[in-house]
Each structure stands twice: as C-alpha cells, then as structure tokens.
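What follows is a short report on a single structure.
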Number of protein chains: 2
Amino acid sequence: MDVTPPKNDLPTLEDVAKAARVSTATVSRCLNSPDRVSESTKQRVMEAVRELKYSPNFGARALAAKRTNTYGAVIPTMDNAIFARGLQAFQQVLVDNGATMLVASSAYDPEIEENQIKTLISRGADALLLIGTDRDPGIHEFLEERGLPVVIAWACTTEATLSCVGFDNVEATRQLALKALDLGHHDIAFLSAFTRTNDRARNRVIGARKALQERGIDPSSMPVVETKYSIRSAREAFGTLVRRSPRPTLVMCGNDVLAAGAVQAARDMGLDVPGDISITGFDDIELATVISPALTTVHVPHRKMGRLAAEVLLDQVRHNASPRHVTLDTHIVERASLGPAP
Amino acid sequence: MDVTPPKNDLPTLEDVAKAARVSTATVSRCLNSPDRVSESTKQRVMEAVRELKYSPNFGARALAAKRTNTYGAVIPTMDNAIFARGLQAFQQVLVDNGATMLVASSAYDPEIEENQIKTLISRGADALLLIGTDRDPGIHEFLEERGLPVVIAWACTTEATLSCVGFDNVEATRQLALKALDLGHHDIAFLSAFTRTNDRARNRVIGARKALQERGIDPSSMPVVETKYSIRSAREAFGTLVRRSPRPTLVMCGNDVLAAGAVQAARDMGLDVPGDISITGFDDIELATVISPALTTVHVPHRKMGRLAAEVLLDQVRHNASPRHVTLDTHIVERASLGPAP
DNA sequence: TAATTTAGTGTAAGCGCTTACATTTTTTTA
DNA sequence: TAAAAAAATGTAAGCGCTTACACTAAATTA
C-alpha cells in the first residue's frame, strides 16, 4: 500500500529557462514583475511557458518568497447556508484580488479547529478567518505572536489584536424578544443550537433573557432546549418545549433552520402559527421566506460579512493596516410567524 | 502598499533539532516515521516540538517529499446546498484519512475553472474532484498526462482515465417526466438552470424531451426557460412560462430551488398547486420538504456522492487503484406538488 | 569472545523557486 | 564620441524540509 502514483514530473522554471534560452531569474521575473523584462524576451518566455504548460510550484515559491497570497478560513461546517454564503463572498473578494482561499471545517469541535488552524498556518496562510470567539485564549496569543492577521466573523470581539466583522448577537435577540414581549408574550421558550462551544448560540439565549429581565420576568424561568442544527431534531425538541405547562406562547429559535422545524412540528400538532403559538427565527436565510407561515426573524448580512472580512484581511496583509472592529447592523424582518399572544 | 507584514519567523526543524540536541533528520523521522526512532529521543524531540510550538512548513515538505496529501475540489459555488453538502462529506472522509481538502469555486465559468484547476495543481494537489463533464477536453488530457487522479462528480462519464461518482441525469428526469405523462400531463414546460456550460442542467432537459418523444409528443414543443439559480429569478421565469397558451399543466424544474420559486409564484398568482398546475423539482434538498405543497422531486444522494468521491480518489492515490465509474441510484420522491392533470 | 546483525543517528544533497548582487547591454547626457 | 546612467540579464545563495547513505553502538549469533 501507499504506492506513489506515477505522477509525471511537471516542467520546472529551469525547463522554461532552457527552452527560452534565458536564466531562471529572468523567467521568474517574467512571471512576478513583468515590467522589469524586455518585451522581446518576455514573449519568448511566455511562449515557452505555454508550450510546456508550465505552472509554478507553489511550495517552492512559498519557500523562497515567504508569502503565499493565501488566506485561510476555518468554519464549523460548510453544510450550513450562512457559512457557505459568507465564504463564497469571502472567496470572491480574494479571487478578485489575486489571492486564494483555503477552507477547513471544524465540525464545531475546538480541538479540530485548533488543528485546522495549525494546518492552515503551516500551509503558509497569510491571514486567517475564524468564526466566533469561543476558543482557547492560547490560540489567539499564538496567532498574535506569529503576527498573523486574524479576523473573527459572525461575532464581535474587543481584543485589540484581532479584527472582527460581526454583529451583536445579544442585542439582536434582545430586540426581537422585546418586540415579542410587547405583543403580550410572557411564556417564552427558547430552542437553541448547542451552546457549549458556540458563543453565537449562547449570546442569543442571553439576549432573550436580558429582555425578560428588563420587563420584570425572571429570566431563569425561560425554558431552553438545545438541539442539533437540523429540521428533524428541531421538530423533536419543539415537542418537549410545547408539552411544558404553562405552554409557551412563543418559541424563539436560535436560527432559521430550527425555526423551520418548529413550524412544521407545530403544524403537525394541529397548532396554528401564530394563532396558537408564535415562532421566531434568526439569520434570514431562504428557508425563512419559503416556509409558511414565513418566519419573523433577524436579518443578518452574511454575504456582506464575508466580503468585508476579506477586505479587512487584505488591508492588513497588503497595507499593514491595523486590526479593525466592524459591527454590522441587523434588523428584524417581520413576517408571519410572530403574532400577538393568544 | 504591499508592505510585508511583520510576521515573526516560525521555528524550523533545525530549531527543534538544536533544542532536542539531535540532527534534523532525527526530528524529521520523529514526525514522519516515529517507529524508527528510540523512545527516549522521541520524547525529547516531541517535548521540543511542543515547547517551540513547531509546525512543519508545508511548502518545504511538499518540495522535498513530492507529495502533499492534499486533495483539490473545484465546484461551481459553495452557495448551493448540494455542493456544500457533498463537499462537507468529501472533506470528512479526507480528514479521517489524514488528508486535507483544498476548495476553489468557478462560478460556473469554464475559464475560471481552468485557472482554479491549475492553481490546485501547482499547490501540489495529489488528486482532483471536478463537477460534471462540461469542459475543454484539453483539460482532461492535460490532467491525464500529469497522471493526476481525477473524479467527476454529479455526473457520469465513460472516459476511461477519469473516475466518476454520479448519477444519470437524463434517466432520472425521464422517469419523472414519464410519471407525469401517466398522470395525464401533456402540456409540460421546463424551468431550467443555464445549460450552456452545465451538462447536468442540459441533461435534465434532454431527459424530459426523451420521455415526451416516447409518448409521441413532439419534444421540441416543450417550452424551456433558463434562469439563474435563485428563488427570485425562478418566480419571474415561472411567470413567462405560465403566460403561454395553452397554459402548461406541469412545470418541471431543473432543481428544487427553482421549483420553490415556481411554487411561490403560482401561489401568488392564485393558482393551486397541484390543482391548477403541477410543479416538480430535482435534488431533494431540505427546501423540498419545507415548502408547501412539498415538492415531488428526484432524490439525489449528495452526501454519499461526496463520501464515495473521496474514497475513490484515496484509493487511486494510495493504492494505485484504477479509475472507477460509479453510478448511484436516484429515486423519485412523491410528495404533494405533482398531481393529475386538471 | 569475535563476527554479524540490527537499531538509532548523523551527514549532506537536493526539491523548485526568489532575489540580492554582479555583470552586461542599451540609452542618455555632456 | 566618451562617460555616466539606466535597463536587462545572469549568478548563485538560500528558503525548510526529506531521505539515501554512512556511521556508531547495541544486540544477537556462532
């Protein structure tokens, strides 16, 4: 086993140099700073490059030049519309600027995340995109020591050495809860994603509690159920929440996928949404408009976040800019799933 | 501009060697074939590795060892649940086998795709995952010359030098159309993704035409509208399709996202689905179950495809296995959006 | 005990590129 | 036309790693 594949050797800089009858330095210059080479030799070299289908060896280049033009991103999973969407935008900006993106996913596991971060670094990433703030502080120190620009996305941080492009998860949920309280909901339950290693999820629960507190309701009285990121799991979890007494008049969900599951479960139980029970989401992904009733949710500018994250990083790497802390606005999108308390 | 960031130098193999008072070769062996080193030195070395937070330089390693344990994937876009899902599975298998995935997206543009392929190769990808068969044949030749294992996913190919893990887009759509014809639909319209550089989309239209032909209907009479992959665009496109006379009794959609847009548009126009008009999808993503009426669609095992693609590639790289052609089964999922013709 | 193996390490030659510096050629200026 | 400046090119020293080969020390065998 572990037989090396019969990979033909790729042509090297030297091959091109020979073919074009110049030195390797000249070929290298043709590729990296074409304006420092005369028009005639440039043509000859480019011809040879085409002829041989030459493509520079990345490892060698990185080794010699000590920069890679590569930006790493470690996300929990691609199988989640919000990250997929954000990353696509992130990559777009990078490609437009002649850079390359490297992605790795951590499956929400801090240990895997740490490994992936190291992998990306050893691959020469010039900068890193990380999701949220929940990780061993040692990692941030480590990254700072290395002088590696890092942007935290989907959350905000006050750490001065880190950039962030995010939004206030606590505040956004608080506002939504406040709106619900104004509609007369007192028995609110929360259907959350797992919070243990997920600051976004945790902060959303906190935001809801905060709103309750402000209105004189004991925040610890709010039932919270945590479940997996899937419609199916949300359906089950919704059941346990609804069976409580008094039955909640509103189930706030940590994201739209959970909310979609909740809506389906409610329908299956013969409950009218929002007549009998209200449901809210978070994120405003496509799902939110497709399900009926359409979800009242918090709109998060995922694409914009990805785009900005790339720009911030490019700025730090290319222009030595300082870390930036960008807090994007979110807003409540009122659709049909939140109504007055029955 | 273009100032180099103040990146501190990472520790090198040599630093570790010095700290552990051994040669660089020994350190290298500790990392790559630990059983060839005595227990005591191994401990000393590992201690030094930890101490210095050493992580090997990937470029240098690739350069010296001529393999990277890296698998590249070029997909149209991550912002499409089917690819996101498949890729996540693909990566999972790779990580479980100690390999790394590199992703790049092409935005459905053949030229960008070609560039991305080259980028991945120059980064030392040991193998490549590509979507579909639509590309300059020269690229396949080029990859073959290099002896680079390649797997085509989401479609099948008969090219002997390429592996594929896909399904029969023509046949799947044909079956679905046949079922609709049996339900009495004669005026069928097709809402498709852009077909110009997308064999999957094209083959789905072909499958529908084939079914019509078999039942004695002129396949060229079927109206086809192509549109962007988004609910919004599908809504508009649906309008132009429905305004035709005779009004189609069924609009087959090239994928579930388009179908979701179609269903919404129909509802907005006061048309009952499937009472007044039937709609079908393709892919069976979550959306299909969430929208009402739930979509009758073709189930495609996206995750399984990603998983298998990784396994096929690993086999070729690690065990020198021959290319494999895997055709996965799809099946029609009957839900509510397809009914008898009115 | 001497002669072989075997296990554990070290030495040093690249891998394919970039780039500081040296050299040659061309252009400009006096 | 000669000298100086500018432009184009070449030379060669690494970048951080792996690995063939050489070597030493310990374990085995006769």
Side-chain angles (χ1 to χ4, degrees), chain A residues 2 4 7-46 48-49 52-70 118-119 121-124 126 146, chain B residues 2 4 7-46 48-49 52-70 119 121-124 146:
Chain A
D2 277 49
T4 320
K7 194 186 295 194
N8 298 339
D9 279 339
L10 295 161
T12 70
L13 236 212
E14 206 180 332
D15 296 331
V16 176
K18 265 186 202 137
R21 277 164 317 105
V22 294
S23 73
T24 60
T26 299
V27 179
S28 175
R29 277 188 286 253
C30 273
L31 268 30
N32 298 304
S33 32
D35 38 309
R36 309 187 35 144
V37 176
S38 77
E39 196 56 38
S40 58
T41 45
K42 202 187 311 182
Q43 288 196 358
R44 203 144 34 89
V45 170
M46 285 323 206
V49 166
L52 296 169
K53 298 188 183 171
Y54 169 75
S55 167
N57 177 308
F58 174 80
R61 173 177 273 186
L63 195 54
K66 291 173 169 295
R67 53 184 158 60
T68 60
N69 231 332
T70 291
K118 286 204 176 141
T119 301
I121 291 181
S122 75
R123 276 173 178 271
D126 289 340
R146 297 284 174 249
Chain B
D2 277 47
T4 320
K7 195 186 289 188
N8 298 339
D9 280 339
L10 295 160
T12 70
L13 236 212
E14 204 179 334
D15 297 331
V16 177
K18 264 184 202 140
R21 275 162 321 103
V22 293
S23 72
T24 60
T26 300
V27 179
S28 175
R29 277 188 286 254
C30 274
L31 268 30
N32 299 304
S33 33
D35 39 309
R36 308 187 36 149
V37 176
S38 80
E39 196 55 39
S40 58
T41 45
K42 202 188 310 183
Q43 288 196 359
R44 205 146 31 90
V45 169
M46 287 322 206
V49 165
L52 297 169
K53 298 188 183 172
Y54 169 76
S55 167
N57 177 308
F58 173 81
R61 173 175 276 185
L63 195 54
K66 293 174 169 296
R67 52 182 159 61
T68 60
N69 232 331
T70 291
T119 301
I121 291 181
S122 75
R123 276 173 179 271
R146 299 282 174 253

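Proteins come first, then strands; the chains are lettered A, B, ... in the order of their sequence lines, and each starts at number 1.
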**Report entry** Distance below 4.0 Å between B:Thr26 side-chain N/O and C:dG8 OP1 or OP2
**Finding:** no
Query - Euclidean distance, atom CD of residue B:Gln43 to atom C1' of C:dG8 [Å, nearest integer] - result: 16 Å
Requested in this report: Calculate the interatomic distance between A:Asn32 atom CG and C:dA20 atom C1'; express it in whole Å.
Outcome: 15 Å
**Report entry** Min side-chain heavy-atom separation B:Thr119-A:Phe58 under 4.5 Å
**Finding:** no
Gap between atom [atom2] of [Y] and atom [atom1] of [X] - 0.5 Å precision:
| X | Y | atom1 | atom2 | answer |
| --- | --- | --- | --- | --- |
| B:Arg146 | B:Ile121 | CZ | CD1 | 7.5 Å |
| A:Leu13 | A:Lys18 | CG | NZ | 12.0 Å |
| A:Arg61 | A:Arg67 | CZ | CZ | 8.5 Å |

Requested in this report: Start with the C-alpha distance between B:Arg21 and B:Arg44, add both sets of side-chain angles, then the distance that settles side chain to side chain contact (heavy atoms under 4.5 Å, CB included), and finish with yes or no.
Outcome: CA-CA 9 Å; B:Arg21 275 162 321 103; B:Arg44 205 146 31 90; 4.3 Å; yes
Query - Toward the 5' end of DNA chain C, by each residue's nearest nucleotide, B:Asp35 or A:Ala60 - result: B:Asp35
Report summary line: Note: for B:Lys42 and B:Ala64 on DNA chain C, the residue whose nearest nucleotide lies more 5' is B:Lys42
Query raised in the report: Which atom pair, heavy atoms only, marks the closest approach of A:Val27 to A:Val45?
Result: CG1-CG1, 4.1 Å
Just to be sure I understand the rule, does [X] reach a base, reach only the sugar-phosphate, or reach nothing, if contact means heavy atoms closer than 4.0 Å?
| X | result |
| --- | --- |
| A:Tyr54 | sugar-phosphate |
| B:Thr12 | sugar-phosphate |
| B:Ala65 | sugar-phosphate |

Query raised in the report: Starting at the 5' end of DNA chain D, which residue's closest nucleotide do you reach first, B:Arg36 or B:Ser55?
Result: B:Ser55
Report task. Please list, in 5' to 3' order, the outermost nucleotides of DNA chain D lying under 4.0 Å from any heavy atom of chain A. Result -> D:dA8 to D:dG16
